[in-house]
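Side chains included, hydrogens not; waters and symmetry mates left out as well; all remaining heavy atoms used. To find a chain, count down the sequence lines: A is the first, B the second, and so on, and within it residues start at 1.
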There are 2 protein chains.
Amino acid sequence: MATFDPTPYQPLTPAMFQVLVSLADGEKHGYGIIKEVARRTDGEVRLRTATLYTVIKRFVDADLIEETDERPDPALDDERRRYYRLTDRGWALAEAEAARLEEVLRQARAHLSRPRRA
Amino acid sequence: MATFDPTPYQPLTPAMFQVLVSLADGEKHGYGIIKEVARRTDGEVRLRTATLYTVIKRFVDADLIEETDERPDPALDDERRRYYRLTDRGWALAEAEAARLEEVLRQARAHLSRPRRA
DNA sequence: AGGCAATCTATCCATTGTCAATATAGTCTA
DNA sequence: TAGACTATATTGACAATGGATAGATTGCCT
């Protein structure tokens with residue numbers, strides 16, 4: 001596969017990163033992403049529909065996520081739903097962003113753990 | 001001291017967090033912050049002056065940082081410089097944001113480390 | 001039966017954060 | 001003397017987000 005350089009997409013906004021993380025857990029539809037993120041963050045992160053559907057559109061255009069044809073058991077399905085999953089590029093970006101955040105945190109901890117200046 | 005609730009300021013933008021982290025290391029002037037962040041991140045994070053001076057103004061207004069009167073050795077000083085340091089609130093916010101990022105990362109790792117869905 | 005909350009996708013508008021560019025001005029160096 | 005570096009600052013444009021709204025369906029409570 002052609003090498004993918006994630007850096008032009010970084011840093012991701014908190015909303016974008018949450019969308020990728022949520023889809024890393026398994027494919028989901030839009031409203032399902034909103035619910036999963038809210039549940040996972042104890043209601044602290046509430047994606048708005050304006051934000052979510054804007055992000056979804058951009059991510060699909062950038063081939064970071066893709067809509068799937070697979071439908072769950074018709075008994076559990078809702079025809080309105082549109083399901084999305086991460087592409088290889090999306091996975092690579094999510095992992096690159098996690099690595100970036102870890103480096104930021106490492107440096108922050110190095111500065112913050114020092115005793116307060118005199 | 002009155003309890004300080006950092007959550008209304010969160011999440012911080014990457015630029016804002018970098019400014020707090022940089023000042024946690026010791027008081028600095030504007031251009032010094034730009035240089036320190038660039039050096040620390042190997043040139044990957046380059047704060048722009050428009051961003052930096054906007055952030056500084058907002059942080060001073062919010063009592064997260066404050067301008068200092070202390071001047072270094074006159075031989076090393078530059079009259080144009082304006083030095084800033086973190087306030088107690090600024091420290092609390094920087095630490096709260098580091099904690100928030102750690103939680104985001106913990107969850108991201110939990111999702112990303114799982115084997116790719118079939 | 002009636003109403004209300006939840007589900008689900010979607011868009012409009014205003015605000016905010018960022019970058020690119022520009023301004024000003026002094027110092028230092030090739 | 002031209003360019004790079006230091007240093008603070010503003011303007012204009014764009015991108016990301018929140019608040020609000022829309023519309024349609026489903027399930028629950030009284």
Side-chain angles (χ1 to χ4, degrees), chain A residues 7-20 22-23 27-39 41 43-62 64-65 67-68 71-72 74-84 93 97 104, chain B residues 7-20 22-23 27-39 41 43-62 64-65 67-68 71-72 74-84 93 97 104:
Chain A
T7 55
Y9 296 99
Q10 294 179 284
L12 291 176
T13 63
M16 291 182 196
F17 189 51
Q18 289 291 353
V19 170
L20 292 186
S22 187
L23 289 179
E27 63 182 59
K28 287 182 187 60
H29 60 99
Y31 193 70
I33 294 172
I34 291 174
K35 287 292 154 194
E36 190 273 333
V37 171
R39 184 186 53 70
T41 63
E44 281 175 33
V45 180
R46 269 171 259 176
L47 292 177
R48 309 301 167 131
T49 58
T51 305
L52 180 74
Y53 293 109
T54 303
V55 167
I56 285 176
K57 195 172 292 174
R58 204 151 5 108
F59 277 4
V60 169
D61 289 345
L64 295 165
I65 66 176
E67 194 170 351
T68 71
R71 309 298 304 189
L76 299 171
D77 197 20
D78 184 324
E79 283 180 15
R80 297 170 295 175
R81 291 177 178 169
R82 303 178 63 182
Y83 286 85
Y84 301 92
L93 178 55
E97 182 67 3
V104 167
Chain B
T7 54
Y9 297 98
Q10 295 180 282
L12 291 176
T13 63
M16 291 182 196
F17 189 51
Q18 289 292 353
V19 170
L20 292 186
S22 188
L23 289 179
E27 62 183 58
K28 289 184 187 59
H29 60 100
Y31 193 71
I33 295 172
I34 292 173
K35 288 292 156 192
E36 190 274 334
V37 171
R39 183 184 53 68
T41 64
E44 279 174 35
V45 180
R46 269 170 262 176
L47 293 178
R48 309 301 167 133
T49 59
T51 305
L52 180 74
Y53 293 110
T54 302
V55 167
I56 285 178
K57 194 172 292 174
R58 204 153 5 107
F59 277 4
V60 169
D61 289 345
L64 295 166
I65 65 175
E67 195 171 349
T68 71
R71 309 297 303 189
L76 299 171
D77 196 20
D78 184 322
E79 284 180 15
R80 298 170 295 177
R81 291 177 178 169
R82 303 178 63 181
Y83 285 86
Y84 301 91
L93 178 56
E97 181 67 4
V104 167

Just checking B/R58: base, sugar-phosphate only, or nothing, at a heavy-atom cut-off of under 4.0 Å? sugar-phosphate
Compare every heavy atom of A/E27 with every heavy atom of A/Y83, then report the nearest pair and how far apart it is. CB-OE2, 4.2 Å
Any side-chain heavy-atom pair of B/F59 and B/M16 under 4.5 Å: yes
Would B/V19 and B/Y84 count as a side-chain contact (heavy atoms from CB on, under 4.5 Å) if you check the C-alpha gap in whole Å, the side-chain angles of each, and the deciding distance to 0.1 Å? CA-CA 10 Å; B/V19 170; B/Y84 301 91; over 6 Å; no
Of the non-hydrogen atoms in A/L52 and A/G30, which two are nearest, and what is the gap between them? CD2-O, 3.2 Å
Please name all residues satisfying ring-ring contact (aromatic ring centres under 6.0 Å, His included) with B/Y31, sequence neighbours left out, ordered by chain then number. none
Mapping A/G32 and B/T51 onto DNA chain C by nearest heavy atom, which one lands closer to the 5' end? A/G32
Position toward the 5' end of DNA chain D (nearest nucleotide), B/R82 or A/R80: B/R82
State, yes or no, whether a side-chain contact exists between B/Q18 and A/V104 at a heavy-atom distance under 4.5 Å. yes
Distance under 4.0 Å to a non-hydrogen atom of chain B counts as contact; along DNA chain D, which nucleotides mark the start and end? D/dT6 to D/dT11
Using a cut-off of 4.0 Å on non-hydrogen atoms, how would the nucleic acid contact of B/T13 be classed: base, sugar-phosphate, or nothing? sugar-phosphate
Any B/I34 side-chain heavy atom under 4.5 Å of B/R46 side chain: no
Residue pair B/R58 / B/L64, side-chain heavy-atom distance below 4.5 Å: no
Outermost DNA chain C nucleotides near chain B [under 4.0 Å, heavy atoms]: C/dG17 to C/dA25
